[in-house]
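See below for the structure under consideration.
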Amino acid sequence: MTVHNAEIAEMFDRMAILLEIQGANPFRVRAYRNAARTLGGLPRSVSDMLCEGEDLSKLPDIGKDLAGKIADIVETGQFAALRDVEREVPAGLVELTRLPGLGATRVRVLYEELGVSDIGGLRRAAKSQRIRELRGFGAKTEQRILDALSRRAQEERRYKLADVEPIANSYVRYLEAIPGVKEVIVAGSYRRRKETVGDLDILVTCEKGSPVMETFVEYDEVDAVVSKGTTRSTVLLRSGLQVDLRVVAQVSYGAALYYFTGSKAHNIAVRTIAVKKKLKINEYGVFKGKRRVAGATETEVFKAVGLHYIEPELREDRGEIEAARKNRLPHLVSVGDVRGDLHVHTTATDGRHSLKRMAEAAKELGYEYLAITDHSKRVVVAHGMDEKRLRKQLAAIDRLNEELRGVRVLKGVEVDILESGKLDLSDSILEQLDLTVCAIHTGLGLSRERQTERIIRAMDNPHFTILAHPTGRLINQRAACDVDMERVMQAALERGCYLELNAQPDRLDLDDAHCRMAKDMGLKLAISTDAHTADNLSYMRFGVDQARRGWLEPEDVLNTRSWRKLQKLLVRL
DNA sequence: GCCGTTTTCGGCCCGACTGTTTTCAGTCG
């Protein structure tokens, strides 16, 4: 049985919390958290790495000890040290620390003084008003705990970037209209363009005396005010989304923007560099003693610690700091580099708009080409096409290309990869196409070995061009199917095939770590919207965001090329 | 428990807000 990185990361996180409750050395606690984070962002499975004899202690924040523990977990499926700790501290306490306002220290007091060991016990203790009696607690804390318990279900959520965007935009417009407000910008993971965000961090600069804080908490969608101060306030919206507002002076704008953009891990790493240079970084600036040496712009802040400017999407402490020091940062792809879309649907299957309308929408975006890739017959629910209907569509594309100017419509299909690894349409029709987008829609639950074999067998077909939405995941809904992505990418490289970064906000599949892995292996990706309406073509920006998080440059992306150059790349090896 | 262009030992990011206290600990980002 393969142990997944995420499972080991989860064990380390639990370990960190339990150790913290026990009152262990906080740096030891942090070491587990850091290691969990490293594992979470790793594109390759540590099981595979161990199989290939790699030394895990070379990974950041993983030393000899944790490398050994990981090896044990992979081998036995068990984390012995965690089980030892769980014998001393109830495992249910982990859940309690996830409630806002409760950290390890308070959870320990609740356990030791009141015997609270799980959510149910906490609720009983709060309802019987025993918590307010404890030293360091009070009636308000007790009420906050009850509120948190009743709200718990919705609070764990992370929101898809695309869902949060309109909420963020209207809040920003509201804040911009407040007298005295100068700049309003959303920082945090939203600015880093993470696929999901847990909350919004809004940064504001304003003139003295601006009623920005009062007005902020009076916003129409605010459900509750969590905290309110002169420089920082937090509210909960009716949607459940938490929004933080920070107010800083103009002279600190860059430092504050940098600070609140994060990620936390990136900030900590850069601060550590600053400390070595006898500098201090906080949200007000970079300081040498009491003297501010930088802070008005982010570039200034980076420069002060000897780094080139790092794009927000890269700030995850995944090597960007080292790259910035050596001036080896990637020149990230942007939406303007994209010359076409290689995966869209029409009314021929489950799309809502006609072939012609889709082509015109592509032309309006300034695209040079657009590949029509409707479903194949296997996908019955989407009214998938057989050879006969596809042939008819190809003729329609020929006619449209004669009439259209400025954009070329490419002939394609989203052909199903059957469980046998065969493609869902005959070679005789596939060979008439400019490209194929090949996808799995059934049998997502196959074992890792069989799924990997299935995809690679499909790639053996010389008409296979691009593997669409490679893991099949749906964010917050469906886990990625189990597949050895490194082998799949290697197989694609050897055959002259490609993988897709599907830009649908629900998919964003490949994820950032896999994009990075493709780049490191030298495999090019297509960023495609999988548009089912003309409007959906604008999803490209989410795909580009994800690509940037994966360090992709224009040359790493197939569809930044002119059709003439792209055509050459689509020829199989 | 990790890590090293000051270190293989002795460090390990920094500040705001809240509630409970009466000068601060805990939590959070």
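Convention: sequence-line order gives letters A, B, ...; per-chain numbering from 1. Atoms considered below: every heavy atom in the structure, side chains included; atoms not considered: hydrogens, waters and symmetry mates.
- The ring-ring contact (aromatic ring centres under 6.0 Å, His included) analysis of residues 210-241 of chain A, with sequence neighbours excluded, yields the pairs A:Tyr171-A:Phe216, A:Tyr171-A:Tyr219, A:Tyr174-A:Tyr219.
- Spacing between atom CG of A:Asp61 and atom C1' of B:dC3 amounts to 9 Å, rounded to whole angstrom units.
- Annotation: salt bridge (Lys or Arg N to Asp or Glu O under 4.0 Å) contacts involving residues 34-45 of chain A, sequence neighbours excluded, comprise A:Arg37-A:Asp317, A:Arg44-A:Glu52, A:Arg44-A:Glu54, A:Arg44-A:Glu486.
- With A:Asp512 as reference, A:Arg549 is the one residue of A:Lys519, A:Lys194, A:Arg549 to meet the salt bridge (charged side-chain N to carboxylate O under 4.0 Å, His left out) rule.
- Look at CD on A:Gln143: it is 17 Å from P on B:dT18, rounded to the nearest Å.
- Considering only side-chain N and O atoms, A:Lys69 lies under 4.0 angstrom from the phosphate OP1 or OP2 of B:dG1.
- When each of B:dC17, B:dG15, B:dG1 is scored by its nearest atom to the side-chain atoms of A:Leu66, the top-ranked nucleotide is B:dG1.
- Here the CD-CG distance, from A:Glu322 to A:Leu307, works out to 9.5 Å after rounding to the nearest 0.5 Å.
- Base orientation at B:dT7 is syn, since its O4'-C1' glycosidic dihedral falls within 90° of 0.
- Between A:Asn267 atom CG and B:dC14 atom P there is a gap of 12 Å when expressed in whole angstrom units.
- Each salt bridge (Lys or Arg N to Asp or Glu O under 4.0 Å) pair with one or both residues in residues 212-222 of chain A, not counting sequence neighbours, appears once here: A:Glu214-A:Lys228.
- Residues that satisfy the salt bridge (charged side-chain N to carboxylate O under 4.0 Å, His left out) test with A:Asp511, not counting sequence neighbours, are absent from this structure.
- Contact annotation: A:Thr234 side-chain N/O to B:dC17 OP1/OP2 distance is not under 4.0 Å.
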Protein-to-nucleotide contact annotation, 5' to 3' order, nucleotides 4-12 of chain B [B base; S sugar-phosphate only; - none; under 4.0 Å, heavy atom]: --B-----B
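- Distance A:Arg33 CZ to B:dC2 P: 16 Å, rounded to the nearest Å.
- Atom CD1 in A:Ile281 sits roughly 9 Å away from atom P in B:dC14 (whole-Å rounding).
- Heavy atoms of A:Ser233 sit nowhere under 4.0 angstrom from any nucleic acid atom.
- Between A:Glu20 and the choices A:Arg33, A:Arg28, A:Arg14, the salt bridge (charged side-chain N to carboxylate O under 4.0 Å, His left out) rule is met once, by A:Arg33.
- A straight line from CG of A:Leu59 to P of B:dG1 spans 18 Å, rounded to a whole angstrom.
- Judged by closest nucleotide on DNA chain B, A:Ala31 is the one of A:Ala31 and A:Ser227 placed further toward the 5' end.
- Figure legend. B:dG26 is base-paired to B:dC17; pairs are counted as Watson-Crick or G-U wobble with both atom distances under 3.5 Å.
- Listed by first then second residue, pairs satisfying salt bridge (Lys or Arg N to Asp or Glu O under 4.0 Å) with a partner in residues 198-209 of chain A read A:Asp201-A:Arg246, not counting sequence neighbours.
- Residue pairs satisfying the ring-ring contact (aromatic ring centres under 6.0 Å, His included) criterion with at least one member in residues 96-149 of chain A, sequence neighbours excluded, are absent.
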Footprint string (nucleotides 20-29 of chain B, 5' to 3'): B base within contact, S backbone only, - free, heavy atoms under 4.0 Å: S-----SSSB
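- Here the separation of B:dT20 from B:dG15, taken at their P atoms, is 26 Å to the nearest Å.
- Note: NZ (A:Lys228) to P (B:dG19) measures 13 Å, nearest angstrom.
- Every residue two or more places apart in sequence or in another chain was checked for a ring-ring contact (aromatic ring centres under 6.0 Å, His included) with A:Tyr539, and none qualifies.
- The nearest whole Å value for the distance from the CG atom in A:Leu56 to the C1' atom in B:dC3 is 18 Å.
- Taking the C1' atoms as reference points, B:dC14 lies 25 Å from B:dT5, given to the whole Å.
- For the pair A:Asn282 and B:dG15, the criterion of a side-chain N or O lying under 4.0 Å from OP1 or OP2 is met.
- With both ends at atom C1', the span from B:dC13 to B:dC2 equals 16 Å, rounded to whole Å.
- Rounded to a whole angstrom, the distance from the C1' atom of B:dC12 to that of B:dT6 is 15 Å.
- Nucleotides B:dT21 and B:dG26 are separated by 12 Å at their P atoms, to the nearest Å.
- For the segment residues 286-325 of chain A, the set of residues with a heavy atom within less than 4.0 Å of an atom of DNA chain B is empty.
- In this structure, A:Lys280 and A:Pro60 both approach DNA chain B, and ranking their closest nucleotides by distance from the 5' end singles out A:Pro60.
- Using C1' as the reference atom, B:dC17 and B:dT23 are 16 Å apart when rounded to the nearest Å.
- Paired with A:Ile178 under the rule side chain to side chain contact (heavy atoms under 4.5 Å, CB included), one option of A:Val204, A:Val184, A:Thr215 passes, and it is A:Thr215.
- Rounded to whole Å, the P atom of B:dA16 lies 26 Å from the corresponding atom of B:dG11.
- For A:Glu113, there are no salt bridge (charged side-chain N to carboxylate O under 4.0 Å, His left out) partners at least two apart in sequence or on another chain.
- A:Tyr190 pairs by the ring-ring contact (aromatic ring centres under 6.0 Å, His included) definition with nothing, not counting sequence neighbours.
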